There are 2 protein chains.
Amino acid sequence: MNHIPIADASNKCSTCLLGSFCLPVGLSIEDVAKVDTLVTERLRLKKGETLYRQGDALNAVYGLRFGTLKTHITLSDGREQITGFHLPGEIVGLDGIGDLHQQSTATALEDSEACIIPMADLESMARLLPSLQQQFHRILSREISQDHSHLLSLGSMRAEERLANFLLNLAERYSLRGYSGQEFNLRMSREDIGSYLGMQIETVSRLFSRFTEAGVLQIKLRNVKLLDVTALNEIAGQKSQR
Amino acid sequence: MNHIPIADASNKCSTCLLGSFCLPVGLSIEDVAKVDTLVTERLRLKKGETLYRQGDALNAVYGLRFGTLKTHITLSDGREQITGFHLPGEIVGLDGIGDLHQQSTATALEDSEACIIPMADLESMARLLPSLQQQFHRILSREISQDHSHLLSLGSMRAEERLANFLLNLAERYSLRGYSGQEFNLRMSREDIGSYLGMQIETVSRLFSRFTEAGVLQIKLRNVKLLDVTALNEIAGQKSQR
DNA sequence: CGAGCGTTTGAAATCGGTCAACAGCAGTGG
DNA sequence: CCACTGCTGTTGACCGATTTCAAACGCTCG
């Protein structure tokens, strides 16, 4: 894990292209300039390295600058549950604020870089900038409602529906970031997908094969091409059977 | 749904017995006095009534004063996922802050009463009182990490483990509130439990029967008596408690 | 006291899990 | 450059936990 002090202006929030996803959303130009002073350091992670680990003391949250992370919690018997996959512009570490210790581990799925946002500084600045305060609350709240959608998926959907929803969700998030929502590379393994969706890797693999046979998508290892988004939406339960 | 203006001092946060669970945690006596002005109204709900519904505009969050709520989201095809059961002192409506519309519906499982906490007032007061700000962040963060535990349950545990964890979690929360953690009444139906835990009501019922046969607990309709908490912990897959 | 839920129980069906074998690709080193 | 090795992903056969279907029981409340 590689600490990088932020020196030149090109690295600041005010010029970061992710401003429309991250902490500065809704802030005036002057306010974003103040946020620049909040982030003085970043961390560079190689694939497989961890940004933080379950149990670590927390004094910052992290804004993902590029790359992909998974956050996951581990049970005493070794079973693991992936709670989220995170794309650039998203903030991680939010679940640890409650007791100032990380509740999960964040692992890089590819080479990544994260901005360090010290909690104490964020909180004091949020007291001065109502728009920053509101944005932070929105971010926390959206994390909650995303988790609720995930709960709905795990609790009420069949494996096929869960996987379809997962793909559609990824596609949407890539689209929003200016990447293709039709064709993209999965950064995570079948095992990661299985953990996230509460199913075994064999089931993930079989479902991908089934989707391929049905002409819904093409998949070659981690490269996915969505061929029939309408059909995928139907599988995802927009109008379900049973 | 019955609006109740708060008149006498006995109804204020500074004298509320739930202070140790709710918004005032960590606040000085003077600060709690200020929080008193935040909550000027409460809502009384009869069993089955809703505090808010998915899609409603949000301008407040709610502190549960007494009673029990379930929060749930509904899919277009009618399937429902219960995302949480809420006991006195807990704040609900947090998932709606993100886009100022409720993402879920909150329904009373028994006669209940909730304090209205206007978001705008809460945010402006949080800018003045760092301890209130921190407590609100803790509450949001804990909601996230609870949801993550719930995800772990739905994604990685077998039905038996999920139910055992659910019972232990309820027991702990009742204990914290000064009620018995050994014997309590479930406020929710088998259907609610099934939805929350991602299983059918028949499975819930069979598991209760199995636990009873194993001498782990006694259950008569909604009255539960835990006989062997150690055994229940083992079923739940925990060496110690969380 | 009877109607209607909510709950329990049984039997059959099935989705997804488990076990096992193999295929494909990547990295290593001779 | 290829053989070797290890890791990831695919596929098949079988199994079993949970669902589904069905029926009966027993509270609760009007």
Side-chain angles (χ1 to χ4, degrees), chain A residues 46-48 70 77-82 107 109-111 153-167 185-214 217-224 235 237 240-242, chain B residues 46-48 70 77-82 107 109-111 153-164 166-167 185-214 217-224 235 237:
Chain A
K46 293 211 182 72
K47 179 174 175 175
K70 64 173 177 183
D77 65 3
R79 279 181 292 184
E80 180 183 88
Q81 176 68 37
I82 293 182
T107 304
L109 294 176
E110 58 183 326
D111 292 359
S153 172
L154 293 184
S156 301
M157 293 182 177
R158 294 172 318 110
E160 196 180 53
E161 298 175 285
R162 274 178 269 160
L163 185 61
N165 273 295
F166 168 71
L167 290 172
N185 283 301
L186 300 171
R187 308 301 185 179
M188 65 294 286
S189 66
R190 300 290 189 271
E191 183 156 17
D192 288 335
I193 297 173
S195 169
Y196 183 74
L197 295 177
M199 61 184 83
Q200 298 307 116
I201 59 174
E202 294 94 329
T203 304
V204 177
S205 183
R206 272 185 255 271
L207 288 173
F208 275 136
S209 301
R210 201 194 295 174
F211 287 171
T212 303
E213 280 165 36
L217 53 77
Q218 280 176 7
I219 184 163
K220 195 188 171 196
L221 291 180
R222 299 197 179 182
N223 180 271
V224 188
I235 294 170
S240 185
Q241 67 285 9
R242 177 120 60 120
Chain B
K46 294 212 180 72
K47 179 176 175 174
K70 62 173 176 182
D77 66 2
R79 278 182 292 184
E80 181 182 86
Q81 176 68 38
I82 293 180
T107 305
L109 293 175
E110 59 184 325
D111 293 358
S153 172
L154 293 184
S156 302
M157 292 182 178
R158 294 176 313 111
E160 195 179 54
E161 298 174 285
R162 275 177 270 159
L163 185 61
F166 168 71
L167 290 171
N185 283 302
L186 299 171
R187 307 302 186 180
M188 66 293 288
S189 66
R190 299 291 188 269
E191 183 155 16
D192 288 335
I193 297 173
S195 168
Y196 183 75
L197 295 177
M199 61 184 83
Q200 299 306 117
I201 59 174
E202 293 94 329
T203 304
V204 177
S205 181
R206 273 185 255 269
L207 288 173
F208 275 136
S209 301
R210 201 195 295 174
F211 287 170
T212 302
E213 280 165 36
L217 52 77
Q218 279 176 7
I219 184 164
K220 196 188 170 195
L221 291 180
R222 300 196 177 182
N223 180 271
V224 188
I235 295 170

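Proteins come first, then strands; the chains are lettered A, B, ... in the order of their sequence lines, and each starts at number 1. What you see is a predicted model, and the numbers here were worked out from it, not measured in a lab. Side-chain atoms are counted along with the backbone in the values below, which use heavy atoms only and exclude waters and symmetry mates.
- B:Ser156 and A:Gln81 share a donor-acceptor pair across their side chains, judged by distance under 3.5 Å alone.
- Atom-to-atom, CG of B:Asn185 to C1' of D:dC27 comes out at 14 Å; the value is rounded to the nearest Å.
- For B:Ser209, taking side-chain heavy atoms from C-beta onward, the closest of the listed nucleotides C:dT9, D:dT10, C:dT7 is C:dT9.
- At whole-Å resolution of the value, CD1 in B:Ile201 and P in C:dC5 are 14 Å apart.
- Of the residues in residues 189-199 of chain A, those with a non-hydrogen atom less than 4.0 angstrom from any atom of DNA chain D are A:Ser189, A:Arg190.
- The environment of B:Glu110 atom CD is dense: over 12 non-hydrogen atoms of other residues, nucleotides or ligands sit within 6.0 angstrom.
- Residue A:Lys47 holds its NZ atom at 8.5 Å from CG of A:Asp111, rounded to the nearest 0.5 Å.
- Nucleotide D:dG16 holds its C1' atom 14 Å from the CD atom of B:Glu160, rounded to whole Å.
- One atom, CZ of B:Phe208, and another, P of C:dT9, lie 12 Å apart when rounded to the nearest Å.
- If you take OG1 on A:Thr203 and CZ on A:Arg162, they are separated by 9.0 Å, rounding to the nearest 0.5 Å.
- Summarising the geometry, atom CG belonging to B:Leu163 is positioned 11.5 Å from atom OH belonging to B:Tyr196; distances are rounded to the nearest 0.5 Å.
- With D:dT19, C:dT8, C:dG6 as the choices, the nucleotide that has an atom nearest any side-chain atom of B:Ser205 turns out to be C:dT8.
- With axes fitted over five pairs at each extremity, the angle between the ends of the helix from C:dC1-D:dG30 to C:dG30-D:dC1 is 40° (10° resolution).
- Here the straight-line distance linking atom CG of B:Leu197 with atom CZ of B:Arg190 works out to 12.0 Å at 0.5 Å rounding.
- Using a 4.0 Å heavy-atom distance criterion, B:Arg210 is classed as making no nucleic acid contact.
- Protein atom CZ of B:Arg158 is 16 Å distant from nucleotide atom C1' of D:dT19, rounded to whole Å.
- Rounded to whole angstrom, the span from the CD atom of A:Glu213 across to the C1' atom of D:dT10 amounts to 12 Å.
- Without hydrogens or angle criteria, B:Arg187 side chain to B:Leu109 main chain gives no donor-acceptor distance under 3.5 Å.
- Within the 3.5 Å criterion, the main-chain N or O of A:Val224 finds no donor-acceptor partner in the side chain of A:Gln218.
- Annotation: side chain of B:Phe211 is in contact with side chain of B:Ile235 (closest heavy-atom distance under 4.5 Å).
- The closest donor-acceptor contact from the side chain of A:Thr212 to the backbone of A:Phe208 lies under 3.5 Å.
- Rounded to an integer number of Å, the gap from B:Ile219 CD1 to C:dG6 P is 16 Å.
- D:dC15 atom C1' lies 14 Å from atom CD of A:Gln200, rounded to whole Å.
- DNA chain D is contacted by both B:Ala159 and B:Lys47; B:Ala159 maps to the nucleotide lying nearer its 5′ end (nearest heavy atom per residue).
- Inter-residue side-chain proximity for A:Ser153 and A:Glu161 is flagged as unmet; no heavy-atom pair is nearer than 4.5 Å.
- For B:Arg222, no side-chain nitrogen or oxygen approaches OP1 or OP2 of C:dG6 to under 4.0 Å.
- Between B:Ile82 and B:Met188 there is no side-chain heavy-atom pair separated by less than 4.5 Å.
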Quick test: give all pairs of protein nitrogen or oxygen and nucleotides 19-24 of chain C nitrogen or oxygen below 3.5 Å, distance rounded to 0.1 Å.
unit_1, atom_1, unit_2, atom_2, d
C:dC19, N4, A:Glu202, OE2, 3.1

